[in-house]
Amino acid sequence: SGDLTPVREAMSLAYGDDVYQEGLAGMDEEHLVEAAGNVTRGVPIATPVFDGAKEADVNDALERAGFSTSGQSVLFDGRTGEQFARPVTVGIKYLLKLHHLVDAGGVLLSFPEIVGGKADPGGNIANFEQLVLADPSLQIKSGVQWGLFGAAVMHLGTEKHHTKWLPGIMSLEIPGCFAMTETGHGSDVASIATTATFDEASGDFILHTPHRGAWKDYIGNAALHGKAAVVFAQLIVSGENHGVHALYVPLRDDSGFLHGIGGDDDGPKGGLNGIDNGRLHFTSVRVPRENLLDRYGHVDDNGVYSSPIESRGRRFFTILGTLVQGRVSLVSASVVASQLASTIAIKYSLVRRQFPVPGTSDEQVLLDYQTHQRRLLPRLANAYAMTFAQDELLTLFDDVFSGRSDTEDARQDLETLAAALKPYATWSALDIAQAGREACGGQGFLAENRLATLHADLDVYATFEGDNTV
């Protein structure tokens, strides 16, 4: 387009202000375009135009962000300006943040000890919920990797799947996706249209997207980073549809999408733009029989389907029930976000003054006004109430998933309570953030004070992990 300002901004975001000031700020147009092109093609930064930058540090950042020498150039070809800025920023900034979480060790909490985890499901949720204080995008991106993708392999797969893939998922060697939602089916998961048909001649499944409405959509990690996905599809064996099952499907190598797989970036969203949501589609992709996550439905080498749960409907709800961790996590995150918004708004109301106190030269503290109290204090009480409710939910979740009280009745209680609290907590968080924003006036609208951006990031909480109204 000729306007290099967005490209310069992207390079600054990609490498940090220090590197930008030393190596990029004074770069002429020709060299800037060369440097930007090198990034999009995944070429290691080892050229004279980066004088002043620490070459090893920049190369390491690129490598950890998924830009190897062959790179993922297919994702960036033809992108310029603002289109270029987003994937570079997301690609380096957020994947590096995930690596920091790996280094901190908290990601191990939910996984079994047999693969190096710590088998502490309740501790994992308590750890996850605090990430919203730092960055909601980071929280949800980590939730996609370990709370959805990793949890699906763990809960729907068996020991052979755990030992094969969980170590790489935990270490981030295998960034992944949870590919359930389709453009045409979100809440109605039972009606998704993607098919996985067993081919008796080869012993493989043929994964296929029959039409545009069956594209996997809004999938976290799909646009940039996902090297594999747990894909949900209708399982068809010998002409019989056994309902929705999950398969582990490799998506990309260093050159881009594998044969028969395609997709694109969902583009900028109303919030959570640190997450590379995207679309995926499959054209007769062969998936090994062993990649079926077969805890609840198995196909043997003779092409015979079996399941420990005879009823197709009950099997479907059992599969979904094992994934209740995502819903519990959103309740936790919403509660912590409500605490944060209440804290910001109430602290500000105790220092901000407006209008004279009658008979004095002083101005009135905002929280002394009854209208301000009516705005904030009932919502503070709600935040406390949700905190107590979340403690009950988390205790029940830990009892079930640790095995201490893993009964059918306990699982049903957990699923019911999670389904009830998810809409209440997410809607309450939006209400508290908006009320806090308004109570802080113009200051509340500034991004640095977090209330407006927090509301934007929380908005989709009312939709994913189960539409609130449905």
Looking at [X] and [Y], would you say the former's side chain and the latter's main chain have a donor-acceptor pair under 3.5 Å?
X	Y	value
K422	G466	yes
R289	V299	yes
Q139	F128	yes
E465	V324	no
T322	I319	yes
D457	P136	no
D265	A223	no
H161	E290	yes
R315	H242	yes
N273	K269	yes

Worksheet entry | Derivation and outcome, side chain to side chain contact (heavy atoms under 4.5 Å, CB included), residues N221 and F149 | CA-CA 10 Å; N221 287 344; F149 174 55; over 6 Å; no
Practice prompt. Starting from the C-alpha separation in whole Å, work towards a yes-or-no answer on side chain to side chain contact (heavy atoms under 4.5 Å, CB included) for I140 and F464.
Written response: CA-CA 11 Å; I140 297 302; F464 60 23; 4.1 Å; yes
Beyond-backbone contact of [X] with [Y], side-chain heavy atoms, under 4.5 angstrom:
X	Y	result
Y94	I275	no
T197	H208	no
V189	F316	yes
F232	L293	no
F205	L247	yes
L430	Y461	no
W165	M154	no
F282	L251	yes

Please give me the minimum heavy-atom distance between [X] and [Y], naming the atom from each residue.
X	Y	value
A151	F111	N-CE2, 4.5 Å
G176	V144	O-CG1, 3.8 Å
G274	S137	N-OG, 3.1 Å
N277	G220	ND2-N, 3.6 Å
Y248	V287	O-CG1, 3.8 Å
V331	A425	CG1-CB, 4.0 Å

Item to complete: Begin from the C-alpha positions of E129 and Q390 and carry the test side chain to side chain contact (heavy atoms under 4.5 Å, CB included) through to its verdict.
Response: CA-CA 11 Å; E129 69 184 23; Q390 168 58 12; 4.1 Å; yes
Discussion item. With a 4.0 Å cut-off on N to O distance, would you call D294 and K160 a salt bridge?
Written reply: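 Counted as a salt bridge, because a side-chain N and a carboxylate O are separated by less than 4.0 Å.
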How many angstroms lie between [atom1] in [X] and [atom2] in [Y], if you round to the nearest 0.5 Å?
X	Y	atom1	atom2	result
M180	I219	CE	CD1	9.5 Å
T158	L292	OG1	CG	9.0 Å
D217	H185	CG	NE2	13.5 Å
D199	I206	CG	CD1	4.5 Å
R295	S307	CZ	OG	11.5 Å
R212	E182	CZ	CD	10.5 Å

Item to complete: Report yes or no: do T183 and R279 form a side-chain donor-acceptor pair below 3.5 Å?
Response: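 Side chains of T183 and R279: no pair found under 3.5 Å.
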Practice prompt. Flag yes if more than 12 heavy atoms outside E173 fall under 6.0 Å of its CD atom; otherwise flag no.
Written response: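 No, not enclosed.
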Worksheet item: Do other residues, nucleotides or ligands put more than 12 heavy atoms under 6.0 Å from the CG atom of L446?
Response: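 Buried by this count: over 12 neighbours within 6.0 Å.
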Worksheet item: Quick one: are the ring centres of Y305 and H245 less than 6.0 Å apart?
Response: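 Yes - the distance between ring centres of Y305 and H245 falls below the 6.0 Å cut-off.
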Discussion item. Run N241 and R312 through side chain to side chain contact (heavy atoms under 4.5 Å, CB included) and show every step you take.
Written reply: CA-CA 10 Å; N241 187 341; R312 173 174 162 173; 4.0 Å; yes
